[in-house]
Amino acid sequence: MTAVMTEGAAAEASESTESYSILRHSDLGEVPPEVKPSDSQTSVAIADGTNEAQDNDFPTVERSRLQEMLSLLGLETYQVQKLTLQDSLQISFDSMKNCAPQVPKDLPWHFLRKLQALNAEARNTTMVLDMPPDAWPAEKESQMEEEMIYWDPAEDIATDDIYSFSELPVPDTPVNPLDLLCALLLSSDTFLQQEVLLKMSLCQFALQFVLPDSENHYHTFLLWALRGVMRTCCFQPPRGLRSFREDSVVLSRLPTFAFVRMDVSSNSKSQLLNAILSSARRLWDCFWHRDLNLGTNPREISDGLVEISWFFPSGKEDLDVFPEPVAFLNLRGDIGSHWLQFKLLTEVSSAVFILTDNISKKEYKLLYSMKESTTKYYFILSPYRGKRNTNLRFLNRLIPVLKIDHSHVLVKVSSTDSESFVRRIRAIICSVARSPCRRVSVEDMAHAARKLGLRIDEDLEECQKAKDRMEKIIRKIKDVDAYKRDELRLQGDPARKAAQVEREFCQLQWVSDPPEKHRAELRRRVLELRVQQNGQELTSGVQELILGISSPSLGERQYFLRWMEWGLARLGPPRPRQPPETLLTLRPKLGGASDLNEPLWPEPLGVEHFLREMGQFYEAESCLVEAGRLSAAQRRFAHFPGLAVELLLGGLPLELVDGATLSIPVRWVTGLLKELHVRLDRRSRLVVLSALGVPGTGKSTLLNTMFGLRFATGRSCSPRGSFMQLLPVAEGFSQDLGCDQILVIDSGGLISGALASAGDRFEQEAFWPPC
Ligand SMILES: Nc1nc2c(ncn2[C@@H]2O[C@H](COP(=O)(O)OP(=O)(O)O)[C@@H](O)[C@H]2O)c(=O)[nH]1
Ligand SMILES: [Mg+2]
């Protein structure tokens, strides 16, 4: 035994130099970076079984590497006060500039802007260098000298089109895209992290799952950030219409497959994963790999990053490489240096694929320590010259330890047919997924990560407090329609009738000689309805919501709203798959005469209903004050606009046109705008930008993509009213732009589908924006 070990160790020592020199000159996909002092230190400790939790002993070289990266990218200022979603939306001189990044500090912003526009080239953000090398940031000058030597200034392109530079000769970018992404996420607050991941998922990129942070000795499991990513689940009852519901990806329990590298591997893990996920009809570069962007630097801070991607079948045979949903995890860097992440993957995955060229004594010891692990292990080997015997010897000893057989060892060398190799791996994945394998959700994985000592982003106290408050409200909602009727009473019949009478009252002003008697009658009826409304008490659900949005902590308020959005979205029944036009043609047959003002599909309960209720309380009270039936001192709801404006400033779309009555609650909206004026310290010159058009034509999607906004989208679930959101303009830029804020208005399904003729629809929609 001792003799074998000694021999193995000797072989390892003599071979390591060989394999390293081969790898340095290899152009094969994911070439591992040089073994860093920190890596070897960590891995030895782990192999001895002494270091299982977060490494609190990071050497200073790691610290300075992260600091250098942050300072290179201009992100060091965001380490205490993190970059927020609102910061990223701000309209400034830079955001209006339409040119390629010139210096490294431009990279994070360009990446964010491209991602916001759902540009699939976002990960390939490169720079166009149009300044002399001596203008580079001093701290990186020496390091860049070598990289810039290949750059010929004569090739500089004086272009202002940020999308055209992908066709240019690609300059050496001083930052690896994964480093850029990690640095940006480490500098962002949890809401911006969530937005970045959501947009990345829409671009069909792999998402960050465990974010390494050597600086603060904590790796973060991004549960909250992933929670915002939705997937559509289909329901097909034996009889009846197919229906669907959107749910967060973190809730699905799926077979999960982890791909990791041990020591060195000449096979690119990410390219292999991309090949596994791609169909013959669609190549999918889900995981970034270096061949996607020539000339990028090795990773500096993103080793230890774990990414996740899902495969959800589309129902189209030529696209579906797997018959059922599966998840994939990809650890960047060597498992020995990132043992904690590797252990997590072994605890949550249905199977782990280990890519390696080298199994020697050190690797044997590492994997031997996993002998109690219950996941299935597969090896993907590509042995280098002279390593074959050593590999085989240690592999044979690992086979009983990991409870595997020879079918779990796959060899891929340069002569292996790649397509059949990929098919073989897919077949393994399918067979594991069909067997009674481990199926865990991302939420379950977070429990495992917590036990291992990783930090979970969602464990923040304010996030948990907000969640508890949301659950208190949601628990009471057994039936959405009954809840709307009983708890949100003001927006039922009284609001509809009041809106109708007020509309009639307004129309009277166009009559040349309106009968005074009729006007007085309408005034009396409105007042009566408002008295009725004002006589109601706030229900417990609305009171609880008000408490949530009045929290002194901005973070808690924002967490609460997100929790409420998700909690309420899960309550409704699945929606019909068919577009509303189909339902329209069916409805007269089903229901006979129907109210044309009724929505075509049941409106799901949302936060906007609670705010609409607050608006109605305010509206009723203000109406009575105006009529002299109530004194200003008796007002109970005067502070409501202030609460709502705080939400608007935090990025929540506020309802401008009531989706149920299709009327504008004038006093409420006036109250909001007055409050906004005060809150903005009178810097409230607004430019109003609105999108009008037939429902389902992509208005909300367009506004969201252009400005990074959060208007509800989707053919059959968009609210019918109109919503407004604010875009802040940077202080130094408001003079040039001529305004302090941009108010973006998104008209929802103001008109019910094809019910109104095109002319009527246009007239109705065009009527309200100037109001
Ligand atoms: N394929 C495709 N779908 C789009 C595009 N824009 C929007 N959609 C989809 O069309 C549906 C309706 O979009 P939405 O923005 O809600 O339309 P709105 O009712 O006019 O606001 C959504 O499911 C969008 O994802 C587009 O440019 N291409
Ligand atoms: Mg819309």
Side-chain angles (χ1 to χ4, degrees), residues 38 42 53-56 58 62-63 65-67 69-70 73 75-76 78-80 82-85 88 107-108 111-112 115 122-123 175-201 205-229 249-250 258 260 270 286-288 299-309 327-335 337-345 348 442-443 445-450 452-460 463:
S38 58
T42 319
Q54 301 274 1
D55 192 350
N56 281 330
F58 277 87
E62 277 289 357
R63 189 161 297 147
R65 202 178 285 154
L66 180 62
Q67 282 303 345
M69 180 62 66
L70 293 171
L73 294 171
L75 294 172
E76 72 274 47
Y78 298 108
Q79 295 319 294
V80 181
K82 301 278 182 181
L83 199 60
T84 67
L85 187 52
S88 77
L107 289 170
F111 172 77
L112 271 178
L115 198 62
R123 282 186 309 193
V175 181
N176 181 295
L178 290 177
D179 285 345
L180 172 62
L181 197 51
C182 283
L184 183 61
L185 289 174
L186 286 169
S187 310
S188 306
D189 75 358
T190 50
F191 298 96
L192 183 55
Q193 285 179 349
Q194 200 174 67
E195 185 69 9
V196 167
L197 263 54
L198 173 67
K199 291 287 160 92
M200 292 211 14
S201 76
F205 298 156
L207 307 181
Q208 284 56 45
F209 177 75
V210 174
L211 184 64
D213 177 3
S214 50
E215 176 77 6
N216 297 307
H217 313 159
Y218 269 124
H219 307 307
T220 309
F221 186 101
L222 297 176
L223 176 60
W224 170 262
L226 286 166
R227 200 177 276 283
V229 179
V249 282
V250 304
V260 299
S270 305
C286 174
F287 290 92
W288 187 87
R299 295 192 294 267
E300 290 282 336
I301 60 165
S302 51
D303 271 352
L305 171 73
V306 183
E307 293 164 290
I308 187 166
S309 183
F328 293 90
L329 296 169
N330 180 12
L331 170 62
R332 303 285 182 163
D334 163 41
I335 59 171
S337 313
H338 306 287
W339 192 245
L340 193 62
Q341 286 92 321
F342 176 62
K343 272 201 90 173
L344 173 66
L345 300 196
V348 300
V442 175
E443 268 190 346
M445 294 180 195
H447 292 310
R450 196 176 287 117
L452 285 171
L454 269 90
R455 188 171 67 162
I456 315 294
D457 56 356
E458 215 168 273
D459 285 355
L460 285 175
C463 179

Steps toward side-chain contact (heavy atoms from CB on, under 4.5 Å) verdict (Gln193, Gln208): CA-CA 10 Å; Gln193 285 179 349; Gln208 284 56 45; over 6 Å; no
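- Taking CG of Leu207 as the reference point, atom CG of Leu198 lies at 9.0 Å (rounded to 0.5 Å).
- Contact between Met69 and Ala183 at its shortest, heavy atoms only, is CG-CB, 4.3 Å.
- The two residues Met445 and Leu344 have their closest heavy-atom pair at O-CD1, 4.0 Å.
- Partners of Phe209 by ring pair (Phe, Tyr, Trp, His ring centres under 6.0 Å), not counting sequence neighbours, listed by chain and number: Phe221.
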Thr84/Leu192 under side-chain contact (heavy atoms from CB on, under 4.5 Å): CA gap, chis, key distance, verdict: CA-CA 6 Å; Thr84 67; Leu192 183 55; 5.9 Å; no
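- Note that CG of Leu331 and CG of Leu305 are 8.0 Å apart. Values are rounded to the nearest 0.5 Å.
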side-chain contact (heavy atoms from CB on, under 4.5 Å) between Leu184 and Leu83, worked out: CA-CA 9 Å; Leu184 183 61; Leu83 199 60; 4.1 Å; yes
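- Residues forming a ring pair (Phe, Tyr, Trp, His ring centres under 6.0 Å) with Phe191 (at least two apart in sequence, or on another chain): Trp224, Tyr559.
- Atom CD of Glu300 is separated from atom SG of Cys182 by 12.0 Å, given to the nearest 0.5 angstrom.
- Taking each heavy atom of Arg123 and Trp288 in turn, the nearest pair found is NH1-N, 3.4 Å.
- The closest donor-acceptor contact from the side chain of Glu443 to the backbone of Val250 lies at 3.5 Å or more, if one exists at all.
- Side-chain contact between Val249 and Ile308 is absent, with no heavy atoms from C-beta onward closer than 4.5 Å.
- In this structure, the side chain of Lys82 does not engage the main chain of Leu185 through any donor-acceptor pair within 3.5 Å.
- Heavy-atom minimum distance, Ala122 versus Phe205: CB-CE1, 4.4 Å.
- Here the side chains of Leu181 and Ser302 are not in contact, with every heavy-atom distance at 4.5 Å or above.
- Residues passing the side chain to side chain contact (heavy atoms under 4.5 Å, CB included) test with Ser309 are Ala206, Leu277, Trp284, Cys286, Phe287, sequence neighbours excluded.
- Rounding to the nearest 0.5 Å places CG of Leu340 at 13.0 Å from CD1 of Ile335.
- Of the residues listed (Leu345, Asn330, Val260), the one engaging Val306 in a side-chain contact (heavy atoms from CB on, under 4.5 Å) is Leu345, and it is the only one.
- With no hydrogens or angles considered, no side-chain donor-acceptor pair links Thr220 and Asp213 at under 3.5 Å.
- Separation of atoms CG (Asp303) and CG (Asp179) is listed at 8.0 Å; rounding is to 0.5 Å.
- If you take CG on Leu452 and CD on Gln341, they are separated by 10.0 Å, rounding to the nearest 0.5 Å.
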Candidate pair Glu195 and Lys199, rule side-chain contact (heavy atoms from CB on, under 4.5 Å), full reasoning: CA-CA 6 Å; Glu195 185 69 9; Lys199 291 287 160 92; 3.4 Å; yes
